[in-house]
Amino acid sequence: MREVWEMIDPSSSYLEKNDIVVARQLTKRFGRFTAVDAVDFRIKQGEILGFLGPNGAGKTTTIKMMTGLLRITSGNVWVRGYDVTKNLKQIKKSIGYMSQKFSLYPLLNAYENIEFCGGVSGVSRKTIKEKKELITKEIPREILTQKVRDIPPGIRQRVALFSCLISDPEIILLDEPTSGVDPEVRREFWAKIYDLKKKGKTILVTTHNLDEAEYADRILIIHNGRIALEGEPSELMRAEKAESMERLFREAVTGHEAN
């Protein structure tokens, strides 16, 4: 990481060892509306970061700025030392993004989606073929050949995650990955997330399921485009004297509204 960080002013006191993503005063405005308002945060290499917030809080907008899908109004994001506004090509090689609403093409089957994702990610035909064979060991071929819109939500999410990982990215951004699936599928999904962490991947997960937040190494709670609270779940609950993650979340949001 040292040689990467040399591209950034080494005198900056904001940067810390093992930071793999750094946001400084990150802001996005749509006309007069400020969706993300000068947020500062960092993600450490190899950690699972839970990104929580009500609908419209700014979670997806933040992720899209991190990936270059949305132009940054002001502030900066660095990914592996690269400035998103200047080095997007290098950054895209490091990131896998599973979006909330558009991860797969519904009229293509699972195999076709994997081929497409591999193609746009620059993955070789040989590797794509190997990946298709690999997923066939997990999911029956008769399901994988159906149009994505016709397969069960849980399997659809597994295919979306598989497609997201096809280029073996170092940083994985998962936007509401367990939305609309049952508790058993959510547990299986988190087991996969832990497997990725064991392999050294860095993972950001947005979720509305507050019980999932306790699975993260650290959480950020965003509200009205600003960071309301951040830290390790157990430490935050103890410090705020909250008996549950739901109570911690509710108090963080209401407290932020009062300020």
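For the single chain, residues carry numbers from 1 onward in sequence order. Just so it is clear, the model here is predicted, and its values are computed rather than measured.
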Atom pairs and distances, donor-acceptor, side-chain atoms in residues 108-121, under 3.5 Å, two or more places apart:
residue, atom, partner, partner atom, Å
Asn109, OD1, Tyr111, N, 3.0
Asn109, OD1, Glu112, N, 2.7
Tyr111, OH, Thr136, OG1, 2.7
Tyr111, OH, Arg141, NH1, 3.4
Glu112, OE1, Asn109, N, 2.9
Asn113, OD1, Tyr105, N, 2.7
Asn113, ND2, Tyr105, O, 3.1
Asn113, ND2, Leu108, O, 3.4
Asn113, ND2, Asn109, O, 3.1
Glu115, OE2, Lys132, NZ, 2.4
Ser121, OG, Cys117, O, 2.8

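Between Glu47 and Lys197, the shortest heavy-atom contact is CA-NZ, 4.1 Å. Closest of all the heavy-atom pairs between Met66 and Phe41 is SD-CZ, 4.0 Å. For the residue pair Ser74 and Ile72, the shortest heavy atom distance occurs at O-CG2, 3.1 Å. Contact record, Pro169 with Gly96: CB-N, 3.3 Å, taken as the closest heavy-atom pair. Closest heavy-atom contact between Cys164 and Leu174: SG-CD2, 4.4 Å. Closest heavy-atom contact between Arg156 and Leu104: O-CD1, 3.5 Å.
Between Asp168 and Lys201 there is a salt bridge, since a side-chain N of the basic residue sits under 4.0 Å from a carboxylate O of the acidic one. Using a cutoff of 4.0 Å between basic side-chain nitrogens and carboxylate oxygens, Lys137 and Glu133 are not scored as salt-bridged. Salt bridge annotation for Asp211-Arg186: present, with a cationic side-chain nitrogen under 4.0 angstrom from a carboxylate oxygen.
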Quiz item: Can you check side chain to side chain contact (heavy atoms under 4.5 Å, CB included) on Met245 and Ile219, steps first, answer last?
Solution: CA-CA 11 Å; Met245 183 57 62; Ile219 63 171; 4.0 Å; yes
Quiz item: Should Gln157 and Leu161 be marked as a side chain to side chain contact (heavy atoms under 4.5 Å, CB included) after you check the CA-CA gap, both sets of side-chain angles, and the distance that decides it?
Solution: CA-CA 6 Å; Gln157 295 294 75; Leu161 179 61; over 6 Å; no
Practice problem: Show your reasoning for whether side chain to side chain contact (heavy atoms under 4.5 Å, CB included) applies to Val77 and Val22. | Solution: CA-CA 6 Å; Val77 182; Val22 175; over 6 Å; no
Quiz item: Can Asp217 and Leu49 be said to form a side chain to side chain contact (heavy atoms under 4.5 Å, CB included), step by step?
Solution: CA-CA 6 Å; Asp217 299 315; Leu49 179 68; over 6 Å; no
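The hydrophobic clustering, which links ILVMFWY residues whose side-chain heavy atoms are closer than 4.5 Å, places Leu229 and Val253 together. Note on Val84: it clusters hydrophobically with Ile171, by side-chain heavy-atom contacts below 4.5 Å among ILVMFWY residues. Ile155 and Phe189 are members of different hydrophobic clusters when ILVMFWY side chains are connected at heavy-atom separations under 4.5 Å. With hydrophobic clusters built from ILVMFWY side chains whose heavy atoms lie under 4.5 angstrom apart, Met65 shares a cluster with Ile222. In the hydrophobic clustering of this structure, Ile91 does not group with Ile203; members are Ile, Leu, Val, Met, Phe, Trp, Tyr whose side-chain heavy atoms approach within less than 4.5 Å, directly or through other members.
Atom CG of Asp37 is separated from atom NE2 of His223 by 12.5 Å, given to the nearest 0.5 angstrom. Interatomic distance, CE of Met237 versus CD of Glu251, reported as 10.5 Å (0.5 Å rounding). Taken to the nearest 0.5 Å, the CG atom of Asp40 stands 8.5 Å off from the CD1 atom of Ile227. Residue Ile151 holds its CD1 atom at 7.5 Å from CD1 of Ile143, rounded to the nearest 0.5 Å. For the atom pair Ile48 CD1 and Ile43 CD1, the distance stands at 12.0 Å (nearest 0.5 Å). Taken from CD1 in Ile139 to CG in Leu144, the straight-line distance is 5.0 Å, to the nearest 0.5 Å.
At least one side-chain heavy atom of Thr127 sits less than 4.5 Å from a side-chain heavy atom of Lys131. For the pair Asp150/Lys147, a side-chain contact is recorded, criterion being any heavy-atom separation below 4.5 Å from C-beta on. Annotation: side chain of Glu170 is not in contact with side chain of Lys93 (no heavy-atom distance under 4.5 Å). The shortest distance between side-chain heavy atoms of Leu210 and Leu248 does not fall below 4.5 Å. Between Leu173 and Met98, every side-chain heavy-atom pair lies at or beyond the 4.5 Å cut-off. Here the side chains of Leu134 and Phe162 are in contact, with some heavy-atom distance below 4.5 Å. Residues Glu176 and Val205 fail the side-chain proximity criterion, which asks for heavy atoms closer than 4.5 Å.
The side-chain contact (heavy atoms from CB on, under 4.5 Å) test with Phe51 is passed by exactly one of Thr60, Thr206, Ile221: Thr206. Screening Ile95, Leu69, Leu70, Leu204 for a side-chain contact (heavy atoms from CB on, under 4.5 Å) involving Ile63 leaves a single residue, Leu204.
Side-chain contact check for Asp175 and Ser99: no donor-acceptor pair (N or O, by modelled atom type) lies under 3.5 Å. If you check the side chains of Gln25 and Asn76, you find no donor sitting under 3.5 Å from an acceptor. Side-chain contact check for Glu212 and Thr207: at least one donor-acceptor pair (N or O, by modelled atom type) lies under 3.5 Å.
In terms of modelled atom types and a separation under 3.5 Å, the side chain of Thr27 and the main chain of Ala38 share a donor-acceptor contact. Side-chain atoms of Lys44 do not come within 3.5 Å of backbone N or O of Ile20 as any donor-acceptor pair. With hydrogens and angles ignored, the 3.5 Å screen pairs no side-chain donor or acceptor of Lys192 with any backbone N or O of Arg187.
In this structure, Glu246 places its CD atom where only 12 or fewer heavy-atom neighbours from other residues, nucleotides or ligands lie under 6.0 Å away. Crowding of Lys28 atom NZ: a count of heavy atoms from other residues, nucleotides or ligands under 6.0 Å exceeding 12.
Using a 30° and 60° split on the angle between ring planes, Trp190 and Tyr194 fall in the tilted class, from 30° to 60°.
Residues satisfying the side-chain contact (heavy atoms from CB on, under 4.5 Å) criterion with Glu188, sequence neighbours excluded, are Glu184.
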